[in-house]
Amino acid sequence: MIRDIKLIMAEKRLFRPNTSFVVFGVAAAILITTCSSVGSDGYLVLGKAFALRLIVLSCVIVVGFHLLGNLKVGDTDARPHGMKTDRILKDAAIILMCWIPWLIALYPANYLGDTIISIGWVFKTLEGSTGLIYDHNPVLTIYVFGAVALFGRFVIHNMPLAFFCFVILQSWMCSLALSLMANYARSKLCISAMAFRVTMIFICICPLFPIWNNYLSKDSMNAPFLVVWFVIFVEEVRTNGRIFENSKTRCIQFMVISLMVCLTKKLGAYVIFPPLVILLFRAIWQSRARRKQVGVASLALVTVIPAAIVFVLLPHVVFPLAGIALGERYESLAVPLQQTARYVIDHGDDVTDEEHEEIDALLGYQTLSERYVYWLADPVKSKITEPTDAYGPWLHAYVAEGLRHPLCYLESFVALEKGFGAEGSAIYVRTDSSDMGDFDSVDMSDAYVRTGLSQKTSELASNLYAWVSAMPAIDIAFQCSTYAVLLPAFLFGMTFSAKGRRRTALALCSLPVLLSCMGVWLSPISISFDGGRYLIPLIFLSPLMLLIPLSSDFVKSLL
C-alpha cells in the first residue's frame, strides 16, 4: 500500500522536493513578513509573533508553489500554429464589452496629479511657467494628454467627453493587447482550451483592468505597448531570434513597439533593452559556436536602432532643439535619499563634519529630519535644486554611512516599501479624483469632479470594487504582494528548477519581469499616493507570467 502511494505521488509529481521553490518561497515569506512587521512609527516590530508568522507563511507559500508548479496547462496533442486576426479582434471585443460597465460607471476618467500638471504645461497656465516642457514625465504622454484637453476645450467644447473618448480608445488598445497575449498562449505555447478560457475569464471579469484603463497616467498608457512587446519578446526567445529573419515588416513593427514602451514610461527603456542586449549576445555566441548566423543581424537591428533613438537622439538632439528640459535625477533615487534622512534621525551623532557638508549641499541638513516621512519620499527630495553637482559628494556620505549602520538602511527601505509586500495590503485604485484641484491650472474641474448620476455610479463602482477585493480567496488577486512578490518568486522558482533549454528559455523570459519588479521596489515614492500604479506592468503581464512556466510544450516548440 505504501509503495503504491509512493508510486502515485512520483507519477503525479506532487510535493516532489524542489529546492528552488523552497528558496524562493522562503525568500518571499521573509519579505512579506518583514513588510507586515513595520509599526505605525516606521520601525520594525520583531519578536515571537514575527518568527511564528514567518514559519507559517513559509510553509504555506512553499506548498502553494509546489501545487501550482504541478499544474499542467499544455495541450500535449497540439502543435504551434498561426494566430488568426479575426479571432484576436473578436476576443478583444468581448473583453471591451465586459469592461464597458466599469468605464461608464467611472465616467469620464480618473487622473494622476502629474497628468493634470502636464496639461497645465501644454496650456502654459502653470504658475511661473515659461512655456518650457520638462521631461519629468515622458514627453509623449505630456503632449497626448495635452492634445486631448485642447480637443475637448476648443473643438468639441466638452472636456469630460474628450477624456472619456480617450479612455475608450485606451481600453480598446489594451483589450487588443491582452487578446493577443491570450491567443498567443493558445496558438504558440499550446495551452489547453480550458486554460485559454480561464485566462480570458480572468481578463474579462477582473476589475483591475478596466479601472486602470480609466486612469489617465503614463503607467496606464504604457500597459498595452508593454504587453505586446512582451509577447513578441517571448516569441523571439521561442524561435531563437528567427521571428525577424527575412521580415522587414516585423522588424519595423517591433522597433515601433519598443519605442512606444520607452516613450510612454521612462522606466520602460530599462525594462526592455537589457533583455534584448542579452539575447543579442547569446545569438552572437551561438553563431560563433555553430558557425552559422542565428538571427544576429535582425536582433542587432531591433535592439540598436531603438536604443540609439532613446538614449542618444532624443535627449541630446531632439529635446534641446525642441526646448525640452531633461527630468530630475532624484526621481530614481527615492530609496537612497530616504535612507540618508533616516540615518540623520537615528544616528545623527555619528555623522562626520565632512558628511554633514555633503548631505547639506544636496538635501538641506537642518530640516532633513523634520521633512522625513517614512512612507513618502517626496518631502526629502523637495530641497533638491537641479542641475547640481552635489550628487557625487552625497553618494560618498551615503556609502560610508551605510557601511557603518546597514540595518538602518534596511529598516528605512522596508518602511518606505512596506505597502508593496505587506500581508493583506490591497491594491489601491483611484475611483474618485475630486481632490485633484491642487494640480489644476487649466480650470477643468468638470473633467474630474463628478456630479449627479456620474457621482452615484462612481460610488457604486468604488463600493463594488471594495466588496469584490475583500472576498475570501478572491482577494489574493487584489493583493499588492501577489504581483510584487509571489508571482515573480514563483516564476523564478520554476526557472531555477528547470533544466537545459527550458531553464535558458524561462530565464530569458523572466528578465523583463525581474526588471519590472525591480522598478516596483527601487523607484516608487510611496504606496499611499496612487502607488498601486507601479504594479500595472506586473498586473497586465501576470497571465503570461503564469502560462509560460506552466506550459510543458514551450521548449518542445523551440526551433
Side-chain angles (χ1 to χ4, degrees), residues 13 15-35 54 57-74 181 185 189 226-227 229-231 233-234 236-238 267 270-272 274-279 282 413-414 417 420-421 423 476-477 479-523 534-552 554-555 558:
R13 302 174 66 207
F15 302 106
R16 186 183 64 177
N18 189 319
T19 305
S20 297
F21 281 169
V22 173
V23 171
F24 284 96
V26 172
I30 291 173
L31 184 55
I32 293 174
T33 305
T34 304
C35 289
L54 176 59
L57 191 59
S58 296
C59 294
V60 170
I61 293 176
V62 170
V63 171
F65 280 3
H66 274 281
L67 294 176
L68 184 59
N70 281 280
L71 288 178
K72 296 302 173 188
V73 301
M181 172 189 287
L189 304 187
L226 180 62
V227 169
W229 182 91
F230 188 57
V231 169
F233 177 78
V234 172
E236 190 176 358
V237 172
R238 192 186 75 85
L267 186 62
Y270 302 97
V271 170
I272 70 171
L276 287 176
V277 170
I278 292 175
L279 206 61
R282 178 173 177 266
F413 170 78
V414 175
E417 308 284 2
F420 295 105
E423 186 179 350
I476 192 172
Q479 298 296 312
C480 293
S481 58
T482 298
Y483 301 96
V485 182
L486 294 179
L487 281 180
F490 173 73
L491 178 57
F492 302 145
M494 288 290 287
T495 299
F496 281 88
S497 63
K499 296 180 180 180
R501 290 191 303 164
R502 181 175 177 83
R503 172 181 288 185
T504 301
L506 289 178
L508 290 170
C509 292
S510 300
L511 284 174
V513 177
L514 172 63
L515 294 170
S516 296
C517 193
M518 290 175 63
V520 169
W521 288 99
L522 300 181
S523 67
Y534 295 110
L535 295 168
I536 288 178
L538 296 172
I539 293 172
F540 280 70
L541 295 180
S542 60
L544 203 52
M545 286 168 56
L546 272 176
L547 292 175
I548 290 174
L550 293 178
S551 173
S552 58
F554 178 55
V555 175
L558 283 172

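Throughout, numbering of the chain's residues begins at 1 and tracks the sequence. These figures come from a predicted structure and were not determined experimentally.
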For R502 against I548, the heavy-atom pair lying closest together
NH2-O, 4.4 Å
CG/L71: more than 12 non-hydrogen atoms of other groups inside 6.0 Å
yes
Check whether any side-chain N or O of R238 sits under 3.5 Å from a backbone N or O of F233 as a donor-acceptor pair, and report yes or no.
no
Backbone of A484 reached by a side-chain donor or acceptor of W521 within 3.5 Å
yes
Which atom of V414 lies closest to which atom of C35, heavy atoms considered:
CG1-CA, 3.9 Å
What one should report as the nearest heavy-atom pair of I272 and P275 is O-CD, 3.3 Å
Given the rule in the side chain to side chain contact (heavy atoms under 4.5 Å, CB included) test, do L538 and V520 qualify, once you have shown the distances and angles that lead to the verdict?
CA-CA 9 Å; L538 296 172; V520 169; 3.9 Å; yes
Check step by step if side chain to side chain contact (heavy atoms under 4.5 Å, CB included) holds for V62 and F24.
CA-CA 8 Å; V62 170; F24 284 96; over 6 Å; no
For a side chain to side chain contact (heavy atoms under 4.5 Å, CB included) check, start with the C-alpha distance between F492 and L514, then their side-chain angles and the critical distance, and finish with the verdict.
CA-CA 9 Å; F492 302 145; L514 172 63; 3.7 Å; yes
Please check this pair: side chain of T495 against backbone of R503, looking for a donor-acceptor N/O pair closer than 3.5 Å.
no
Distance, nearest 0.5 Å, that separates CG of L54 from CD1 of I32:
10.5 Å
For G25 against F65, the heavy-atom pair lying closest together
CA-CE2, 3.8 Å
Do the non-hydrogen side-chain atoms of S481 and E423 ever get within less than 4.5 Å of each other?
no
Least distance between heavy atoms, L522 atom then E417 atom:
N-OE2, 4.4 Å
Does any non-hydrogen side-chain atom of R282 lie less than 4.5 Å from one of T504?
yes
With side chain to side chain contact (heavy atoms under 4.5 Å, CB included) as the criterion, how do L515 and Y270 come out once you've worked through the C-alpha distance, each side chain's angles and the decisive distance to 0.1 Å?
CA-CA 7 Å; L515 294 170; Y270 302 97; over 6 Å; no
Looking at every heavy atom in both L506 and P549, which two are closest together, and how far apart are they?
CD2-CA, 3.9 Å
Test your reading of the model: is there a side-chain donor-acceptor pair from Y483 to the backbone of C517, 3.5 Å cut-off?
no
Evaluate the side-chain proximity of E236 to L279: yes if any heavy-atom separation is below 4.5 Å, no if none is.
yes
Does S551 reach the main-chain N or O of L189 with its side chain, forming a donor-acceptor pair under 3.5 Å?
yes
Would you call the rings of F21 and H66 parallel, tilted or perpendicular, where under 30° means parallel and over 60° means perpendicular?
perpendicular
Close side-chain approach of L491 and L487, heavy atoms under 4.5 Å:
no
